[in-house]
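Taking it in order: structure first as structure tokens, then the write-up.
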Amino acid sequence: MTVARILAGKGHAIITASPHQTIRDVADTLAKHRIGAVVVCDADGAVLGILSERDIVRAVSAGGGAALSDPVTQHMTKKVVTTGEQASVEETMETMTQGRFRHIPVLRDGKLIGVISIGDVVKVRVESIENEHRALREYIASA
Ligand code: AMP
């Protein structure tokens, strides 16, 4: 199972933020779309960083309510770990576990084409394990 299969199932919709937006703007975007992170892109669509709800919690904890007016660029993670469509679900899960993050942007030729969350990865892993179990049960029953 590849990242491409996950994207095919969930679609390529990508919620991004612009570098000039504030933490408050991004909090609104996360709440509106019921997501946990946005990829921050420049006007040409190049990935500049990623900002998740954890970054917002940290920013508010350190700076209080005033942090909501800070630009996203002040609190985003700039060294973004990305993946490609041909990466396997297993290796993507490993990357996210090692990096301790729950979101990973998918790039094709350097362009952002989707975002995978740990929830997407767990969902397909559980489905795949259930399918394996069903096939094994059917095999045993027919033997
Ligand atoms: P998350 O678990 O995705 O909410 O993110 C936890 C922390 O990792 C936050 O500081 C994020 O900015 C950062 N982060 C999230 N996704 C990535 C990624 N793909 N590459 C690098 N850092 C990330």
Side-chain angles (χ1 to χ4, degrees), residues 1-140:
M1 175 82 76
T2 59
V3 163
R5 279 279 293 280
I6 299 184
L7 287 182
K10 71 171 260 185
H12 287 251
I14 314 165
I15 311 294
T16 60
S18 310
H20 64 79
Q21 285 190 292
T22 64
I23 293 295
R24 175 66 210 251
D25 294 332
V26 174
D28 286 346
T29 302
L30 298 181
K32 181 174 166 209
H33 294 279
R34 296 165 177 257
I35 55 173
V38 287
V39 181
V40 182
C41 295
D42 69 13
D44 298 322
V47 174
L48 301 176
I50 188 162
L51 188 117
S52 90
E53 51 204 3
R54 288 211 180 151
D55 299 312
I56 297 180
V57 168
R58 256 185 240 132
V60 171
S61 170
L68 294 173
S69 305
D70 291 343
V72 286
T73 45
Q74 196 174 322
H75 298 286
M76 69 187 187
T77 300
K78 293 183 178 137
K79 208 169 162 199
V80 184
V81 178
T82 62
T83 189
E85 290 165 284
Q86 299 318 316
S88 72
V89 170
E90 289 77 10
E91 72 187 90
T92 304
M93 204 169 181
E94 179 65 19
T95 304
M96 294 169 104
T97 306
Q98 292 292 330
R100 293 173 168 270
F101 46 72
R102 298 165 294 172
H103 302 88
I104 191 159
V106 186
L107 302 188
R108 184 194 293 153
D109 299 328
K111 287 250 172 281
L112 182 64
I113 58 158
V115 177
I116 302 281
S117 78
I118 195 74
D120 300 324
V121 172
V122 168
K123 182 170 177 276
V124 297
R125 281 296 290 148
V126 168
E127 280 167 7
S128 140
I129 289 165
E130 281 173 357
N131 286 341
E132 253 174 57
H133 280 186
R134 190 174 312 113
L136 274 173
R137 275 199 303 272
E138 283 168 9
Y139 174 74
I140 291 164

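Computed from a predicted structure; not experimentally measured. Quick note: numbers below take in every heavy atom, side chains included, and nothing from hydrogens, waters or symmetry partners. Just so you know, ligand 1 is whichever comes first in the structure, and atom 1 is the first atom listed for that ligand.
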**Check: Cys41 and Leu112 side chains under 4.5 Å, non-hydrogen atoms** = yes
**Request:** Enumerate the protein residues lying less than 4.0 Å from ligand 1, judged by heavy-atom distances, in chain and residue-number order.
**Result:** Ile50, Ser52, Arg54, Asp55, Arg58, Thr77, Lys79, Val80, Val81, Phe101, Arg102, His103, Ile104, Pro105
For [X] and [Y], work out which heavy atoms get closest and say how close.
X: Leu48; Y: Pro19; value: CD1-CG, 3.6 Å
X: Gly49; Y: Met76; value: CA-SD, 3.8 Å
X: Ile104; Y: Val81; value: CG1-O, 3.4 Å

**Message:** Given 3.5 Å as the limit, does a donor-acceptor pair link the side chain of Asp28 with the main chain of Asp25, or not?
**Reply:** no
**Prompt:** Would you call Glu127 and Lys123 a salt bridge, taking side-chain N to carboxylate O under 4.0 Å as the test?
**Reply:** yes
